Amino acid sequence: MNMNTGTLYIVATPIGNLDDITQRAIQTLTEVDIIACEDTRHSGRLLANYGIKNKLTSFHQHNENESAEKIIHLLQEGQNVALISDAGTPLISDPGYPLVKMAHQFDITVVPIVGASAIIALLSCSGLPTNEFHFFGFLASKKSQRIQQLEKIGNYSGTSIVYESTHRILKCLADMLSL
C-alpha cells in the first residue's frame, strides 16, 4: 500500500429503494473527492436525496478504459475516489474491472463499501437452494450464443443465476424452455 496515494472505494448503491443504502456508503460518498458513476444524471438523483454535492465523473462501459487511467492519475495525486454503479455493487455485471485491476497494479488501496446486491436479494427470497449457486452475469444478446451459454449453464449443479435485459427476457425464457 502506497501511503501517498488516495483510496479507491467500491460503493454499493440501492437497487430500487433509495433507503437501501448503508450509513457507511453515505459517509464515504460525502467524504471522497470524486465520485465516478455510470450515469451522472441517475447518480445525481441518489446523491441529491442525501445532500451529497461532490464532483461527479462519468465512468461507464464505453469509456471505462480511458476513464480508469484518468482516475488512477487522480488517485496517485492523493485524491480519494468512490466508484458507484446505477444500482447495486460496481463490477458485478457493471463497469469497473479495468479500474480496480489498474489500482492493484499501482499499489493503490481498494476498499469495498458493501450494500445492496441483486444476486443475493434474489437468491434469499427465491425458495431455491442457497448452499451452492453460480452467477453467470448477462447472457449474450444473439440467440445462438445465448443457447450455447444456457446449455453450459445446464451442466452446473446448484442454483444458477443469470441477468437478462427486460427487452430480451421473453426470448430468453423461450430459449430455456426449448432446451
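Small disclaimer: the values here were computed from a predicted structure and weren't measured. Atoms considered below: every heavy atom in the structure, side chains included; atoms not considered: hydrogens, waters and symmetry mates.
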All heavy atoms of Thr89 vs all of Ala116, minimum pair found to be OG1-O, 3.1 Å
Here the gap from Ile52 atom CD1 to Glu31 atom CD, rounded to the nearest 0.5 Å, amounts to 10.0 Å
* Asked: Given the rule in the side-chain hydrogen bond (donor to acceptor under 3.5 Å, both in side chains) test, do His73 and Glu69 qualify, once you have shown the distances and angles that lead to the verdict?
  -> CA-CA 6 Å; His73 182 70; Glu69 291 177 14; over 6 Å; no
One should read off an interatomic distance between Leu74 CG and Ile34 CD1, to the nearest 0.5 angstrom, of 4.5 Å
Name each donor-acceptor pair under 3.5 Å that joins a side chain in residues 170-177 to protein atoms two or more places apart or in another chain, with its distance.
| from | atom 1 | to | atom 2 | distance (Å) |
| --- | --- | --- | --- | --- |
| Asp175 | OD1 | Lys143 | NZ | 3.4 |
| Asp175 | OD2 | Arg146 | NE | 2.7 |
| Asp175 | OD2 | Arg146 | NH2 | 2.9 |

Between Val32 and Leu8, is there a shared hydrophobic cluster once you connect ILVMFWY residues whose side-chain heavy atoms come closer than 4.5 Å?
-> no
| query | Is there side-chain contact between Thr57 and Ser67, with heavy atoms separated by less than 4.5 Å? | reply | no
Distance col, row Thr30:OG1 vs Leu47:CG, nearest 0.5 angstrom, shows 8.5 Å
Contacts of Pro95 meeting side chain to side chain contact (heavy atoms under 4.5 Å, CB included) (sequence neighbours excluded), chain-then-number -> Glu38, Phe59, Gln61, Glu64
Across all chains, not counting sequence neighbours, the salt bridge (charged side-chain N to carboxylate O under 4.0 Å, His left out) partners of Asp33 are none
Applied to residues 11-47, the ring-ring contact (aromatic ring centres under 6.0 Å, His included) test, sequence neighbours excluded, yields none
Quick note, side-chain hydrogen bond (donor to acceptor under 3.5 Å, both in side chains) partners involving residues 90-102, not counting sequence neighbours, are Ser85-Asp94
Tyr50 meets the ring pair (Phe, Tyr, Trp, His ring centres under 6.0 Å) criterion, sequence neighbours left out, with none
NZ of Lys70 to OG of Ser58, rounded to nearest 0.5 Å, is 9.5 Å
Check: Asn65 side chain, Pro98 main-chain N or O, donor-acceptor pair, under 3.5 Å: no
- Query: Any chain of hydrophobic side-chain contacts (each under 4.5 Å) joining Leu56 to Val11?
  - Reply: yes
Check: Going only through I, L, V, M, F, W and Y residues with side-chain contacts under 4.5 Å, is there a path from Ile169 to Ile15?
Finding: no
Sorted by chain and residue number, the side chain to side chain contact (heavy atoms under 4.5 Å, CB included) partners of Thr7 (sequence neighbours excluded) come out as Tyr9, Asn80, Thr109, Val111
Contacts satisfying side-chain hydrogen bond (donor to acceptor under 3.5 Å, both in side chains) that involve residues 148-159 (not counting sequence neighbours) are Glu132-Ser157
Distance-only criterion, 3.5 Å: show the donor-acceptor pairs between side-chain atoms of residues 16-23 and protein atoms not counting sequence neighbours.
| from | atom 1 | to | atom 2 | distance (Å) |
| --- | --- | --- | --- | --- |
| Asn17 | OD1 | Asp19 | N | 2.8 |
| Thr22 | OG1 | Ala25 | N | 2.9 |

Residue pairs meeting salt bridge (charged side-chain N to carboxylate O under 4.0 Å, His left out), one or both in residues 156-168, sequence neighbours left out, come to Glu164-Arg168
Worksheet entry | Test side chain to side chain contact (heavy atoms under 4.5 Å, CB included) applied to Ile72 and Leu75, step by step | CA-CA 5 Å; Ile72 291 297; Leu75 289 159; 4.2 Å; yes
CD of Gln76 to CG of Asn4, rounded to nearest 0.5 Å, is 11.0 Å
**Message:** So Ile71 and Leu83, do their side chains get closer than 4.5 Å, heavy atoms only?
**Reply:** no
Besides Ile120, the hydrophobic cluster formed by Ile, Leu, Val, Met, Phe, Trp and Tyr side chains linked at under 4.5 Å, directly or via other members, contains Ile92, Ile119, Leu122, Leu123, Phe133, Phe135, Phe138, Ile161, Tyr163
Notebook entry, point to check: Is there a chain of hydrophobic side chains (I, L, V, M, F, W, Y, each step under 4.5 Å between heavy atoms) that links Val81 to Leu29?
Noted result: no
By ring pair (Phe, Tyr, Trp, His ring centres under 6.0 Å), His60 pairs with (sequence neighbours left out) His62
Does Thr5 reach the side chain of Asp107, with side-chain heavy atoms less than 4.5 Å apart? no
